[in-house]
Protein chains: 2
Amino acid sequence: MATGRTHRPATRSRGIPEATVARLPLYLRALTALSERSVPTVSSEELAAAAGVNSAKLRKDFSYLGSYGTRGVGYDVEYLVYQISRELGLTQDWPVVIVGIGNLGAALANYGGFASRGFRVAALIDADPAMAGKPVAGIPVQHTDELEKIIQDDGVSIGVIATPAGAAQQVCDRLVAAGVTSILNFAPTVLNVPEGVDVRKVDLSIELQILAFHEQRKAGEEAAADTVVPPVAARKQQPSTDQGPDGDVPAVMPA
Amino acid sequence: MATGRTHRPATRSRGIPEATVARLPLYLRALTALSERSVPTVSSEELAAAAGVNSAKLRKDFSYLGSYGTRGVGYDVEYLVYQISRELGLTQDWPVVIVGIGNLGAALANYGGFASRGFRVAALIDADPAMAGKPVAGIPVQHTDELEKIIQDDGVSIGVIATPAGAAQQVCDRLVAAGVTSILNFAPTVLNVPEGVDVRKVDLSIELQILAFHEQRKAGEEAAADTVVPPVAARKQQPSTDQGPDGDVPAVMPA
DNA sequence: CCATCTTTGTGCACGCGTTCACAAAGACAT
DNA sequence: ATGTCTTTGTGAACGCGTGCACAAAGATGG
């Protein structure tokens, strides 16, 4: 991602930092909630609180999209919902295929958050012939043999891999060869893909390990309370909008 | 580095950058695979390729743990597996409770990656009385009423929330009140927690939206192929170790 | 014991992302 | 109109993370 950067009409997209893009869905969710409550406008302060971020950061994020706020008033909820949706490409239909209909694949298929955001499950695919035809979430599972045909017929560009680790790379290769250019990988493997294909991974095991690290650290400090730092015990019970030690990575949202 | 080193047993933990911690599980996975193949040593170059990262980054990451490599040779696989496991706190047992046994909760319960890394499912909890007693992944589901007792009896410090968004904050509050200090949240909500409690979130919807953004950007550039930049068409089919537009966030690993 | 070759560990510079702090913009009341 | 008050949009400083490039460490062979 550093090829020709010299000129180019600043597709604007390039102008939006990756970190900002990752937060837009968060804002969109908060805004949608406000919209449903018929709230007409929000200040950056309020919206930031709802999304769990810093208000200055939120304003800067929005500034990349343009000047959609009104000083002294705030942001128009409906307008902002539309602008962010458009920026994220959610105003169009995105057919998605899910490969690997095990426990997780089924959970994803049943997940209601798909349709609500422009995503449509075009097909469920599994390698097990016994699964073929069996309906999951109202959609009949199809065999892997159909993969290429489905992708091409429906113009699918986003694929979700929920197979065992061993099958992931192979499935990935077939998806890419058939035309998929964005992959959400749930399998615990590093996927090799050609340039131009985006891969995002979601890994439960890694998340747990990171939590374990911090948990151990807390326990250690508590036990060997040697320094002047007050032990974690003195923590207050009021909500603190603390969103973990990092403060970046995306979030989830199943059933 | 900076702070410690002067004296203090180098709680070391604080010295490890968050970004590095997030990559340790990745290295551990790659190392475990090598270990199973009885490979005695690896160079930073090889391991980096397997983990999908830059070799310099990997070496710097390991340097935070100590000098565990041998110049001219590489790293001892077994030794490194042990050191990273210990650093991440995986040498001890971590009882985990999963709250919300819907499709996703069941998928998580069935996920084999738990036990393999020091995590143990202490209990499955659901608010639906009809679920009570019903075995999922060989473990009987218990009612929410038992939550506090289970957490205290088993000394659970890590909780997984797989409930609908509406119930998440309430469940979170109860988990925290009962003693949980690390939460993995799958519900599409911003959780408010007291200081000292870590929250990590996994959000499928957000991941898909980020992919959609990039997908749209690609489509746009392709259509308006105005500049000198070669269209995505000329992409090569060889694996490029390209891991998406970002290059940071963790990975997944279900069934 | 010395020379050579490999690979680590890290100093350094660069760039992105975050946050502060404030000027400018606009609403609203008088 | 004019003044006041609220809230945006952003310039600038700071800190973290990344990657280069190389010196030092150690293995290996003669």
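Side-chain atoms are counted along with the backbone in the values below, which use heavy atoms only and exclude waters and symmetry mates.
Among all heavy-atom pairs drawn from Gln216(A) and Gln92(B), the shortest one is OE1-NE2, 3.7 Å. Taking each heavy atom of Pro25(B) and Val21(B) in turn, the nearest pair found is CD-O, 3.0 Å.
Looking at heavy atoms from C-beta onward, Pro40(B) lies out of side-chain contact with Glu78(B) at the 4.5 angstrom threshold. In this structure, Ile210(B) and Glu18(A) have side chains that are in contact, with non-hydrogen atoms separated by less than 4.5 Å. Inter-residue side-chain proximity for Val81(B) and Leu28(B) is flagged as met; some heavy-atom pair is nearer than 4.5 Å. Inter-residue side-chain proximity for Arg200(B) and Asn185(B) is flagged as unmet; no heavy-atom pair is nearer than 4.5 Å. Taking the side chain as every heavy atom from C-beta outward, Ile16(A) and Thr20(A) approach each other to under 4.5 Å. Within the 4.5 Å cutoff, the side chain of Ile161(A) has heavy atoms near those of the Leu191(A) side chain. With a 4.5 Å cut-off on side-chain heavy atoms, Phe213(A) and Lys218(A) do not count as touching.
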Could you list all N or O pairs between the protein and nucleotides 21-23 of chain D that sit under 3.5 Å apart?
residue, atom, partner, partner atom, Å
dA21(D), N6, Arg59(B), NH2, 3.3

Could you write out each protein N or O paired with an N or O of nucleotides 11-16 of chain C at a distance under 3.5 Å?
residue, atom, partner, partner atom, Å
dG11(C), O6, Lys60(B), NZ, 3.1
dC12(C), N4, Lys60(B), NZ, 3.2

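Remark: of the listed residues Val197(B), Thr181(B), Val199(B), Val197(B) is the sole one forming a side-chain contact (heavy atoms from CB on, under 4.5 Å) with Val176(B).
Dashed line: the shortest gap from a side-chain N or O of Asn54(A) to OP1 or OP2 of dC20(C) is under 4.0 Å.
For the pair Lys57(B) NZ and dT10(C) C1', the computed distance is 16 Å after rounding to whole Å. The nearest whole Å value for the distance from the CG atom in Asp76(B) to the P atom in dG26(D) is 16 Å. Leu47(B) places its CG atom 14 Å from the P atom of dT7(C), with the value rounded to the nearest Å. Spacing between atom CG of Leu24(A) and atom P of dG17(C) amounts to 13 Å, rounded to whole angstrom units. Distance Tyr75(B) OH to dT7(C) C1': 9 Å, rounded to the nearest Å. Atom CG of Asp61(A) is separated from atom C1' of dT10(D) by 13 Å (rounded to the nearest Å). As rounded to whole Å, 9 Å separates atom P of dT8(C) from atom CG of Leu58(B). Atom OH of Tyr64(A) is separated from atom P of dT10(D) by 10 Å (rounded to the nearest Å).
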> What pattern of brackets, bars and dots sums up DNA chain C from 5' to 3', given Watson-Crick or G-U wobble pairs under 3.5 Å, [ ] for crossing pairs and | for another strand?
Replying inline: ||||||||||||||||||||||||||||||
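Of the two residues contacting DNA chain C, namely Thr70(A) and Thr20(A), the nearest-nucleotide position lying further toward the 5' end is that of Thr20(A). Of the two residues contacting DNA chain C, namely Gly72(A) and Gly69(B), the nearest-nucleotide position lying further toward the 5' end is that of Gly69(B).
Taking the six-membered ring where the residue is Trp, the centroids of Tyr68(B) and Tyr79(B) are separated by under 6.0 Å.
Comparing atom distances between the Ser63(B) side chain and each of dT7(D), dT18(D), dT10(C) picks out dT10(C) as nearest.
Between the Glu46(B) side chain and the Ser43(B) main chain, a donor and an acceptor come within less than 3.5 Å of each other.
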